Amino acid sequence: MLIYIKQALADARTAGEPVTREGVRDAVLRGATERIRPKMMTVCAIIFGLIPIMWSSGAGASVMKRIAAPMIGGMASATLLTLFILPIAYGLILQRRAAKEQRASSPASSTTT
């Protein structure tokens, strides 16, 4: 996910767009949307493959259910982390960096009223 966000930000920089808070937000959205489909396809394939194990009742089913249950929970939580938490946190970090760069590049003209 972060690689795609970095690539979207690099593409914006090479296109001459200024690195502002809005530009960072747009880059995060572009990078994150490129990863939604591949991530969801992987997660759905894994979870749908584990659901029959959760419904099984034959020999050894009790052991397999104990293995499949944490895998399903882990895939669900990793998906939420990857699709929501990481882009938001990384976007906030990049926005702070962009704000610092803007302050450093602009002349110090603070007026008090």
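Only this structure's heavy atoms are used, side chains among them; waters, hydrogens and symmetry mates stay out. Everything quoted here is computed from the prediction, not taken from an experiment. One-based numbering along the sequence shown.
Residues W55 and M75 share a single hydrophobic cluster, defined by chaining ILVMFWY side chains whose heavy atoms lie under 4.5 Å apart. No chain of hydrophobic side-chain contacts below 4.5 Å, direct or via other Ile, Leu, Val, Met, Phe, Trp or Tyr residues, connects L83 to I47. The hydrophobic cluster containing L2 also contains I36, counting ILVMFWY residues as joined when their side-chain heavy atoms lie under 4.5 angstrom apart, directly or transitively.
You'll find the side chain of T42 stays beyond 4.5 Å of the side chain of K39, heavy atoms only.
Rounding to the nearest 0.5 angstrom, the gap separating the CG atom in L81 from the CD1 atom in I88 is 10.5 Å. Interatomic distance, CE of M41 versus CD1 of I46, reported as 12.0 Å (0.5 Å rounding). The distance from the CD atom of Q102 to the CD atom of Q95 is 10.5 Å, given to the nearest 0.5 Å. Note that OH of Y4 and CZ of R35 are 5.0 Å apart. Values are rounded to the nearest 0.5 Å. Rounding to the nearest 0.5 Å gives a distance of 12.0 Å between CD1 of I72 and CD1 of I67. Between the CG atom in L92 and the CZ atom in R21 there is a gap of 8.0 Å [rounded to 0.5 Å].
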Where do L80 and I85 land on the side-chain contact (heavy atoms from CB on, under 4.5 Å) test, with the steps shown first? CA-CA 7 Å; L80 293 175; I85 306 300; 5.9 Å; no

Between R97 and L94, does a side-chain contact (heavy atoms from CB on, under 4.5 Å) hold up when you go through it step by step? CA-CA 5 Å; R97 285 183 188 168; L94 290 176; 4.3 Å; yes

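By the side-chain contact (heavy atoms from CB on, under 4.5 Å) test, V28 is found to be paired with I5, V24, P87, residues two or more places apart in sequence or in another chain being considered. With sequence neighbours excluded, the residues that form a side-chain contact (heavy atoms from CB on, under 4.5 Å) with I53 are L50, M64, A68.
For I3, the CD1 atom counts as loosely surrounded, since its 6.0 Å shell holds 12 or fewer non-hydrogen atoms of other residues, nucleotides or ligands. Around CE of M71, the count of heavy atoms belonging to other residues, nucleotides or ligands within 6.0 Å does not exceed 12.
Taking both residues in full, the closest heavy atoms of T82 and M1 are given as O-CE, 3.3 Å, listed atom of the first, atom of the second, then distance.
At least one donor-acceptor pair under 3.5 Å links the side chain of K65 to the backbone N or O of S56.
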